[in-house]
Amino acid sequence: MALVKERKTEVINSFKIHDNDTGSPNVQIALLTDRLNGLTEHFKMHKNDHHSRKGLLELVSRRRRLLDYLKRQDAKAYQEILGKLNLRK
């Protein structure tokens, strides 16, 4: 489930650190969270889609690793992104 270009631009603009920022951990975590939310909606309708479920688990793992990295590097930014994205931790 690819993100629509406008939605992706909107997410990047709301989480970027500077004007040309597209790859900081904050932006990557926000984009992964948006993809995960879309997949969650997909699984409500397609309960037996096990191949996509494997991809979902891989995305969750990637987001978890990025969150761990951000927590080690900048604890304040970590707490801010958890609050903005309504993630538990």
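The model shown is predicted, which means the values in this text are computed figures rather than measured ones.
A 4.5 Å side-chain heavy-atom check between L87 and I81 finds every atom pair outside the cut-off. In this structure, the side chains of F15 and L85 come closer than 4.5 Å at one or more pairs of heavy atoms.
N13 places a side-chain N or O within 3.5 Å of a backbone atom of T9 that can act as its donor or acceptor partner.
Among residues two or more places apart in sequence or in another chain, the side chain to side chain donor-acceptor pair (under 3.5 Å) test is passed with D21 by S24. Contacts of E41 classified as side chain to side chain donor-acceptor pair (under 3.5 Å), with partners at least two apart in sequence or in another chain: K44. By the side chain to side chain donor-acceptor pair (under 3.5 Å) test, E10 is found to be paired with R7, residues two or more places apart in sequence or in another chain being considered. Applying the side chain to side chain donor-acceptor pair (under 3.5 Å) rule to S14 yields no partners; only residues at least two apart in sequence or on another chain are considered.
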List the steps and the verdict of side chain to side chain donor-acceptor pair (under 3.5 Å) for D49 and S52. CA-CA 6 Å; D49 187 358; S52 295; 2.9 Å; yes
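Nearest heavy atom pair, residue L70 against residue P25, reads CD1-CB, 4.3 Å.
Here the CG-CG distance, from N26 to D74, works out to 8.0 Å after rounding to the nearest 0.5 Å. The CZ atom of R35 sits 6.5 Å away from atom CG of L32, with the distance rounded to the nearest 0.5 Å. Summarising the geometry, atom CD belonging to Q28 is positioned 8.5 Å from atom OG1 belonging to T22; distances are rounded to the nearest 0.5 Å. In this structure, CG on L31 lies 5.0 Å from CD1 on I12, to the nearest 0.5 angstrom.
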Show me the donor-acceptor pairs, under 3.5 Å and distance only, between side chains in residues 53-64 and residues at least two apart or in other chains.
unit_1, atom_1, unit_2, atom_2, d
R53, NH2, K47, O, 2.9
K54, NZ, E58, OE2, 2.5
S61, OG, L57, O, 3.1
R63, NH1, T33, OG1, 3.2
R64, NE, D68, OD1, 3.3
R64, NH2, D68, OD1, 3.1

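Sequence neighbours left out, the pairs with a member in residues 46-89 that pass ring-ring contact (aromatic ring centres under 6.0 Å, His included) are H42-H46.
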